[in-house]
2 protein chains.
Amino acid sequence: MAEFSLNEPCAVPRRRDPASTRRKLLVAARREFARNGLAGARVDEIAAQAGVNKQLVYHYFGDKNAIYFAVLKWMYDEIVQHEHTFNVDGLSPDKALRKLVQSSFDYLELHPDFVVILNDENRNDAAHVRNLAHFADIRTPLLRIFSRTLSQGVREGLFRKGVSPEQLYISITALSYFYFSGMPTLSAILGKDLRSKSALRARRKHVVDFVMQSLRP
Amino acid sequence: MAEFSLNEPCAVPRRRDPASTRRKLLVAARREFARNGLAGARVDEIAAQAGVNKQLVYHYFGDKNAIYFAVLKWMYDEIVQHEHTFNVDGLSPDKALRKLVQSSFDYLELHPDFVVILNDENRNDAAHVRNLAHFADIRTPLLRIFSRTLSQGVREGLFRKGVSPEQLYISITALSYFYFSGMPTLSAILGKDLRSKSALRARRKHVVDFVMQSLRP
DNA sequence: CCATTTTTCAACCAAGCAGTTGATGAAACA
DNA sequence: TGTTTCATCAACTGCTTGGTTGAAAAATGG
């Protein structure tokens with residue numbers, strides 16, 4: 001009987017490509033953590049989705065927590081990079097704020113993984129985000145832009161006085177974030193699909209209006 | 001050598017008290033699910049915290065999912081009951097809304113478990129909440145009160161036109177909910193403790209102002 | 001007091017899981 | 001070409017965990 005092994009070298013021999021393997025693992029991990037959270041995620045599943053052996057998770061990252069941390073750092077870098085592309089120079093404070101609110105809504109719409117992983121991080125008492133703070137100033141660039149825009153708008157008489165930039169930052173984030181983060185239960189409660197094109201458009205408009213109206217002098 | 005068993009009847013013999021046992025299990029489960037989510041929660045831990053044998057979880061509820069569902073239903077009943085105590089009759093729409101916004105903030109402050117369990121439910125795509133919808137109309141009473149108050153305020157010229165009650169419901173909830181749900185990461189980012197008395201008071205005031213200002217005609 | 005039902009429990013099991021081991025073979029470089 | 005380094009893998013280990021079993025103890029009811 002002829003020996004026939006599934007383990008012989010493939011017709012297309014696999015190449016050694018550590019960078020690509022690492023990246024594939026990160027992508028798979030992000031999906032898996034988003035779907036199931038840190039506790040619910042399965043290392044086997046991450047490896048399978050990445051199409052590599054489970055041991056490589058340990059080889060490249062150390063353990064489950066370490067790859068989770070790497071995913072978190074990756075997401076954070078993405079956000080900071082994105083926020084650095086914001087350009088509101090030359091815009092009046094109200095136009096600028098409008099644009100910023102829209103941007104933060106759009107970002108969350110395009111990155112559902114971020115929302116759900118951040119939720120998990122919060123349940124875990126931000127243990128890893130706190131750790132991230134050792135590497136970098138995690139105060140997002142957006143907060144600084146908000147502060148500048150707000151105070152400039154107040155000076156120009158476009159916005160009312162007495163609004164704290166930090167509170168505003170939390171509120172603007174909240175209005176968009178909660179919509180996406182609570183979408184499943186909200187959809188169930190309201191009995192409509194909040195992910196539909198029209199629902200998204202309606203929410204986006206409401207959020208912008210709500211903020212701008214609130215800041216009127 | 002004298003026999004000495006840890007299993008002999010206790011000095012204070014345990015009483016059979018199914019109702020109390022069930023309740024103790026629910027309380028423990030709620031804590032455990034809040035701390036670790038559905039996937040992360042340990043049935044052994046629930047039983048231990050309740051001070052009873054693990055098998056009682058299965059005896060009274062069936063399986064892990066079933067007790068999770070029971071916790072969810074319990075929380076929901078609590079909320080509905082709480083919202084039924086709202087009484088804004090006789091108040092002008094603006095006073096009424098102010099009171100409602102404060103109440104929803106206060107409720108979340110007093111029920112951190114609720115926030116964190118609802119987050120988990122959302123990550124699970126609201127699978128259980130959807131199920132809850134088979135038992136009852138889960139559209140919360142609060143939504144109806146909002147609707148009435150809003151339209152009355154518009155009629156009386158106290159609020160601007162064109163605000164959808166559903167969007168308003170989402171926004172008011174968002175402004176408070178996100179503060180609590182995102183507290184760990186927000187605290188890390190802003191570098192201050194958002195759970196402190198003064199921070200809570202400041203946020204509460206901001207939320208109320210933010211909403212009321214936004215609704216001005 | 002005895003039979004029956006309900007509540008409680010310790011011990012156990014099978015499956016699933018994070019993490020380990022030891023080997024193979026491709027690159028790198030001498 | 002020989003040696004070293006490192007990416008890759010299959011198979012395994014030990015522990016955790018959801019769930020089961022069979023029976024003792026407490027109430028119930030005659």
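Every chain is numbered from 1 and lettered A, B, ... according to where its sequence line falls, protein lines coming before strand lines.
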**OP:** State which residues pass side-chain hydrogen bond (donor to acceptor under 3.5 Å, both in side chains) with K205(B); sequence neighbours excluded, sorted by chain then number.
**Re:** D209(B)

Subject >> Atom pair distance, as rounded to whole Å: CZ in R42(B) and P in dG19(D) >> reply: 11 Å

**OP:** Output all residues satisfying ring-ring contact (aromatic ring centres under 6.0 Å, His included) with F86(B), sequence neighbours left out; order by chain, then residue number.
**Re:** H82(B)

**OP:** Rounded to the nearest 0.5 Å, what's the gap from CZ on R31(B) to CG on D113(B)? Could you check?
**Re:** 8.5 Å

Original post:
Taking it one step at a time, do F105(B) and F180(B) satisfy side chain to side chain contact (heavy atoms under 4.5 Å, CB included)?
Top reply: CA-CA 9 Å; F105(B) 184 93; F180(B) 292 106; 3.7 Å; yes

Subject >> With sequence neighbours excluded, residues passing salt bridge (Lys or Arg N to Asp or Glu O under 4.0 Å) with K192(A) >> reply: E166(B)

Subject >> Nucleic acid contacts of residues 24-39 of chain B, taken as heavy-atom distances under 4.0 Å to DNA chain D >> reply: none

Original post:
Rounded to whole angstroms, how far apart are CG on D44(B) and C1' on dA11(C)?
Top reply: 13 Å

Original post:
So what does A47(A) hit on the nucleic acid, given a heavy-atom distance under 4.0 Å: a base, only sugar-phosphate, or nothing?
Top reply: nothing

Original post:
Is the closest side-chain donor-acceptor distance between Y68(B) and E121(B) under 3.5 Å?
Top reply: yes

Subject >> Atom pair distance, as rounded to whole Å: NE2 in H59(B) and P in dA23(D) >> reply: 17 Å

**OP:** Keeping to residues at least two apart or across chains, list the ring pair (Phe, Tyr, Trp, His ring centres under 6.0 Å) pairs with something in residues 40-60 of chain A.
**Re:** none

**OP:** Please work out if V57(A) contacts a base, only the sugar-phosphate, or nothing of the nucleic acid, heavy-atom cut-off 4.0 Å.
**Re:** nothing

Original post:
Could you state the CD1-P distance from I46(A) to dG19(C), rounded to the nearest angstrom?
Top reply: 11 Å

Original post:
Using a cut-off of less than 4.0 Å, is there contact between a side-chain N or O of N53(A) and OP1 or OP2 of dA10(D)?
Top reply: yes

Subject >> Contact under 4.0 Å: T21(A) side-chain N or O vs dT8(D) OP1/OP2 >> reply: yes

**OP:** Would you kindly give the OH-to-P distance between Y58(A) and dC12(D), to the nearest whole Å?
**Re:** 18 Å

Original post:
Within the structure shown, what part of the strands sits under 4.0 Å from Y60(A) by heavy-atom distance: base, sugar-phosphate, or nothing?
Top reply: sugar-phosphate

Original post:
Minimum heavy-atom separation for L38(A) to F33(A), with atom names?
Top reply: CD1-CE2, 3.8 Å

Original post:
Between dG19(C) atom P and L56(A) atom CG, what is the distance in whole Å?
Top reply: 15 Å

**OP:** Give the rounded distance in Å between these two atoms: CZ of R22(B) and P of dT6(C).
**Re:** 17 Å

**OP:** Round to a whole Å and report the spacing from CD of Q55(B) to P of dT8(C).
**Re:** 11 Å

Restricting both atoms to N or O, compile the protein contacts to nucleotides 12-15 of chain C shorter than 3.5 Å, with distance only.
none

**OP:** Locate the shortest heavy-atom distance separating T149(B) from A96(B); write the atom from each residue and the value.
**Re:** CG2-CB, 3.9 Å

